Amino acid sequence: VQLQAFGGGSVQTGGSLRLSCVGSGRTFSTLAMGWFRQAPGKEREFVATISWSGGSTNYADSVKGRFTISRDNAKNTVDLQMNSLKPEDTAVYYCAAAYGSISTNSRRYDFWGHGTQVTVSS
């Protein structure tokens, strides 16, 4: 499975961005998907995850209520709608795919896309 994330950019505090991740391969619809991010000088951290069916989701406390993860298996895409952005959301965002159930643990993910930069200015 190959993943490609896009949609990053620069916004001001309070703005919105929508990230998209496109996956290749027939197995995409069977995989749990996740978004992670890594800020300069910090470790990669979990942002959001969604089950293969879209029926289960989980969010980091820091983004709960502001970010929404969704997927369209017909298009092999998973999106991350980010609202009310804050400077601390600035990071490179990565999408990832995992066999099995959703997880907040990056080690559970088998496939990773290249990151897309999100910059939020105050």
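Remember, predicted model here, so these are calculated numbers, not experimental data.
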Find out whether Arg37 and Ser62 are in side-chain contact, i.e. whether some heavy atom of one side chain is under 4.5 Å from a heavy atom of the other.
-> yes
Between the side chain of Asn76 and the main-chain N/O of Val22, is any donor-acceptor distance below 3.5 Å?
-> no
Is there a side-chain contact between Val118 and Leu17 (heavy atoms, below 4.5 Å)?
-> yes
Would you please name every residue forming a ring-ring contact (aromatic ring centres under 6.0 Å, His included) with Trp112, sequence neighbours left out?
-> Phe36
Check whether any side-chain heavy atom of Thr13 lies under 4.5 Å from a side-chain heavy atom of Leu85, and answer yes or no.
-> no
Side-chain heavy atoms of Tyr93 within contact of Gln38, under 4.5 Å = no
Can you list every pair that meets ring-ring contact (aromatic ring centres under 6.0 Å, His included) and has a residue in residues 57-88, with sequence neighbours left out?
-> none
Do Ile69 and Val78 have side chains that get closer than 4.5 Å, going by heavy atoms?
-> yes
Which distance, rounded to the nearest 0.5 Å, do you find between the SG of Cys21 and the NE2 of His114?
-> 11.5 Å
Indicate whether any N or O donor in one side chain lies under 3.5 Å from an N or O acceptor in the other, for Ser16 and Asn83.
-> yes
How close do Asp89 and Ser84 get, heavy atom to heavy atom, and via which atoms?
-> OD2-O, 4.4 Å
Taking everything shown except Glu45 itself, do over 12 heavy atoms lie less than 6.0 Å from its CD?
-> yes
Between Asn58 and Thr49, is any side-chain donor less than 3.5 angstrom from a side-chain acceptor?
-> no
Any sub-3.5 Å donor-acceptor pair from Thr119's side-chain atoms to Ser10's backbone N or O?
-> no
Should Thr90 and Gln117 count as side-chain neighbours, where that means a heavy-atom distance under 4.5 Å?
-> yes
Mark yes or no for whether Asp79, through its side chain, and Arg18, through its backbone, hold a donor-acceptor pair below 3.5 Å.
-> no
Nearest heavy-atom approach of Ser51 to Ile102 is N-CG2, 3.2 Å
Nearest-0.5 Å distance, CD of residue Gln4 to SG of residue Cys95 = 9.0 Å
Tyr99 meets the ring-ring contact (aromatic ring centres under 6.0 Å, His included) criterion, sequence neighbours left out, with Phe111
Whether Ser103 side chain and Arg108 backbone form a donor-acceptor pair below 3.5 Å | no
Look up atom CD1 in Ile50 and atom OG in Ser56, then write down how far apart they are to the nearest 0.5 Å.
-> 9.0 Å
Crowding at CD, Glu43 (>12 non-hydrogen neighbours, <6.0 Å) | no
Would you tabulate the side-chain donor-acceptor contacts of residues 28-35 under 3.5 Å, counting partners in other chains and residues two or more places apart, or write 'none'?
{"from": "Thr30", "atom 1": "OG1", "to": "Thr27", "atom 2": "O", "distance (Å)": "2.6"}

Linked, directly or transitively: Leu3 and Tyr109 (ILVMFWY side chains, under 4.5 Å) | no
How close do Leu19 and Gly8 get, heavy atom to heavy atom, and via which atoms?
-> CD2-N, 3.5 Å
Ionic contact status for Asp61 with Lys64, cut-off 4.0 Å = yes
Do any N or O atoms from the side chain of Thr116 and from the backbone of Phe6 form a donor-acceptor pair under 3.5 angstrom?
-> no
Give a yes or no on whether Val11 and Val63 share a hydrophobic cluster (residues Ile, Leu, Val, Met, Phe, Trp, Tyr; joining criterion: side-chain heavy atoms under 4.5 Å apart).
-> yes
Within 45° of the axis and under 6.0 Å from the centre of the six-membered ring of Tyr94, does NZ or CZ of Arg44 qualify?
-> yes
Any residue meeting side-chain hydrogen bond (donor to acceptor under 3.5 Å, both in side chains) with Gln12, in chain and number order, not counting sequence neighbours | none
Contacts of Arg71 meeting salt bridge (charged side-chain N to carboxylate O under 4.0 Å, His left out) (sequence neighbours excluded), chain-then-number -> none
